[in-house]
2 protein chains.
Amino acid sequence: MLKRSPSLTEQVKSYLKQRIIAAEFEAGRIPSEADLASEMSVSRNTVRDALSRLEMEGFVVRRQGAGTFVNQHGLLVKTRLEEIVPYEILIREHGYEPAVHLLQVEERLADPPLTTALNLTPGQPVIAVQKLFLADTQPVIFNQTFLSPHMLKRPYTADDFSGPIYQFLPKFCQQELAYFFSEIVPLIAPPWLVERLKLPSSPAALLSLQEVGYNQDNEPIIKASSYFRDDLLRLRLIRRQGQ
Amino acid sequence: MLKRSPSLTEQVKSYLKQRIIAAEFEAGRIPSEADLASEMSVSRNTVRDALSRLEMEGFVVRRQGAGTFVNQHGLLVKTRLEEIVPYEILIREHGYEPAVHLLQVEERLADPPLTTALNLTPGQPVIAVQKLFLADTQPVIFNQTFLSPHMLKRPYTADDFSGPIYQFLPKFCQQELAYFFSEIVPLIAPPWLVERLKLPSSPAALLSLQEVGYNQDNEPIIKASSYFRDDLLRLRLIRRQGQ
DNA sequence: CAGTGGTCTAGACCACGGG
DNA sequence: CCGTGGTCTAGACCACTGG
């Protein structure tokens, strides 16, 4: 427990997470911050940072004066929408075996809303990537992603898009995806989505995520639309008091 | 800038937020952490905590080696789903004048799913509260909240439910709402919702939030279902890399 | 290279919980 | 009352950005 890079805080966090998942703590009670600090020979602040993140993620609850405890409810639910997670993982955590079909990778002209969202000049092309995610052979997520080819630092083939876009970006564009800005939109599946997702009944309600991704310099770099079958997947979220 | 409670961090945060909104920073550049610290005579850690929160909320971006900057994109969007915010505020920030109709407050028997969610024993009653939120006289949110009457420390009247439930809880139950655990569900409005929300067309897609609220002791205390007209309101979210 | 944010430490005091 | 988490300080070193 002395290396750098994962940060110390990160190491402490994953160590504790591991012990929590292994149910190593009696009655869900986690040792005091001071004890953990001396046990791992780090400062109490480092332990506190790690515990804060675990609390944000719903793994523990802290009560002033009483102690820190495992959050049984939070443990049951692993996938939370406020975190960017590969859709494969989301599918697996719902109990299905995930698969991805790369449907299409093509360059085309950006339409005006896309031009605005990505800060392009009119008439510029975009790369459009379409993917279909399966859960145990059933289609569950349709995803369409757009990015500007002028970010590319080296040539690509369609196959390079088979993984998550935020793994493509560092490799081919020397960009990092810092965050997504997402709108959650319910909709009645239009015919083309009924067909793509092989929806059993129609009309069917779908959840859609309309998002713009930003890099570290806070510039919009990708636009993505995803459509979820809600009968097989459920998006979850922890909401806290603001301020 | 020396009082206690709100915490120093909180004071620094709202001071900076204020200056950001007033666009007081040249070219969106925020002074260095060291400068801010000495300017306000607090430690750099306190400044950093405040900036971290502002970053989480999308108000600023930080770049190692470069500096801290106002996030223009984040400023445009004020209401974020991961924060518990009164629906009135959400409606106002969408540009409408909010209003609330308290439709019903009644005690009834808890059905089995509710019994499970709130950890009740079968046959126990619950208080059911129904509210309708209007945006400029148009119905936009229908909300139904359930809580167990055995938490009540003193008698209530229906009117006591006219504000947000998390203002009722401290007063009447000596409980604090720590967080909501929420599922986001799209649905096709059933007839009773078409009627309640006066939906102009049918079938219409709605967004629904199915949530369970927990207190500081991590016990479930309320269950709430909300239904949003998505043509008037849009739920937004910032998603970041996990880990 | 100087200046920035990122991480970590050691120590202090406070507010609250529960016995 | 003691032990817990909550807050804050002062100082250190590192990694990175930009000129």
Side-chain angles (χ1 to χ4, degrees), chain A residues 1-14 16 25-56 59-71 174-176 178 215-218 241 243, chain B residues 1-13 16 25-56 60-71 170 174-176 178 215-219 241 243:
Chain A
M1 181 71 69
L2 280 167
K3 280 180 302 183
R4 194 69 54 91
S5 127
S7 68
L8 261 189
T9 302
E10 206 52 54
Q11 294 175 55
V12 171
K13 182 189 140 190
S14 51
L16 290 173
F25 297 114
E26 299 287 331
R29 186 187 188 92
I30 290 172
S32 78
E33 298 175 347
D35 286 355
L36 289 172
S38 67
E39 174 191 332
M40 301 190 248
S41 351
V42 296
S43 80
R44 190 182 149 213
N45 275 340
T46 303
V47 172
R48 274 187 67 73
D49 279 354
L51 285 173
S52 292
R53 299 199 205 179
L54 289 172
E55 185 181 32
M56 291 283 292
F59 284 100
V60 302
V61 264
R62 300 200 274 187
R63 274 184 280 151
Q64 178 168 154
T68 304
F69 305 85
V70 174
N71 185 348
Q174 292 170 17
Q175 304 255 9
E176 289 281 347
N215 64 11
Q216 309 102 308
D217 296 343
N218 208 32
Q241 299 277 72
Q243 188 221 163
Chain B
M1 182 70 71
L2 281 166
K3 280 179 301 183
R4 194 68 54 93
S5 121
S7 70
L8 260 189
T9 303
E10 205 52 55
Q11 293 176 55
V12 171
K13 183 189 140 192
L16 289 173
F25 297 114
E26 297 288 329
R29 185 188 188 91
I30 289 171
S32 77
E33 298 175 347
D35 285 356
L36 289 172
S38 67
E39 175 192 332
M40 301 189 250
S41 354
V42 297
S43 81
R44 191 182 148 212
N45 275 340
T46 304
V47 172
R48 275 187 66 72
D49 279 355
L51 285 173
S52 292
R53 299 199 204 177
L54 289 172
E55 185 181 32
M56 292 282 292
V60 304
V61 264
R62 299 202 274 186
R63 273 184 282 153
Q64 178 168 153
T68 304
F69 304 85
V70 174
N71 185 347
Q174 292 170 19
Q175 304 255 9
E176 287 282 346
N215 64 11
Q216 308 102 309
D217 295 343
N218 209 32
E219 299 159 342
Q241 300 277 72
Q243 190 223 158

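Predicted model, so just to flag it, every value in this text is computed and none were measured. By convention in this document, chain letters (A, B, ...) are assigned in the order of the sequence lines, proteins followed by strands, and residues within each chain are numbered from 1.
Separating the CG atom of A/Asn215 from the P atom of D/dT17 is a distance of 13 Å, rounded to the nearest angstrom. Atom P of nucleotide D/dG6 and atom NZ of B/Lys13 are separated by 17 Å, given to the nearest angstrom. A/Asp49 places its CG atom 15 Å from the P atom of D/dG5, with the value rounded to the nearest Å. The distance between atom CD of B/Gln216 and atom P of D/dG5, rounded to the nearest whole Å, is 16 Å. Atoms CG (A/Leu16) and P (D/dG5) sit 12 Å apart, rounded to a whole Å. C/dT7 atom C1' lies 12 Å from atom CD of A/Glu10, rounded to whole Å. Rounded to an integer number of Å, the gap from B/Met40 CE to D/dT7 P is 17 Å. B/Asn45 places its CG atom 13 Å from the P atom of D/dG11, with the value rounded to the nearest Å.
The closest side-chain donor-acceptor pair between B/Ser52 and B/Arg62 falls under 3.5 angstrom.
Going from atom CG of B/Asp35 over to atom CD1 of B/Ile30 covers 12.5 Å, rounded to the nearest 0.5 Å.
Listed nucleotides D/dC8, C/dT4, D/dT4 differ in distance to B/Thr46; the shortest reach to its side chain belongs to D/dC8. For B/Ala66, the side-chain atoms get nearest to D/dT17 when compared with the rest of D/dT17, D/dT9, C/dG5. Comparing D/dT9, D/dG5, D/dT17 by their closest approach to the side chain of A/Arg48 singles out D/dG5. Of the candidates C/dT4, D/dT4, C/dG5, the closest approach to any side-chain atom of B/Glu33 belongs to C/dG5. The listed nucleotides are D/dG5, C/dG18, C/dT9; the one nearest the side chain of A/Arg63 is C/dG18. Which of C/dG6, D/dT9, D/dG5 sits closest to the side chain of B/Arg62 comes down to C/dG6.
Between B/Thr9 and the phosphate of D/dC8, there is a side-chain N or O to OP1/OP2 separation shorter than 4.0 Å. For C/dG11, neither phosphate oxygen OP1 nor OP2 lies less than 4.0 angstrom from any side-chain nitrogen or oxygen of A/Arg44. Side-chain nitrogen and oxygen atoms of B/Thr68 include at least one within less than 4.0 Å of the OP1 or OP2 phosphate oxygen of C/dG5.
Looking only at side-chain heavy atoms (C-beta outward), B/Asp217 and A/Arg63 come within less than 4.5 Å of each other.
Here B/Glu39 pairs with B/Tyr15, B/Arg19 under the side chain to side chain donor-acceptor pair (under 3.5 Å) rule; sequence neighbours left out.
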Could you please spell out the steps behind the side-chain contact (heavy atoms from CB on, under 4.5 Å) verdict for B/Val42 and B/Gln11? CA-CA 11 Å; B/Val42 297; B/Gln11 293 176 55; over 6 Å; no
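Taking for each of A/Ser43 and B/Leu51 the nucleotide of DNA chain C with the nearest heavy atom, the 5'-most of the two is the partner of B/Leu51.
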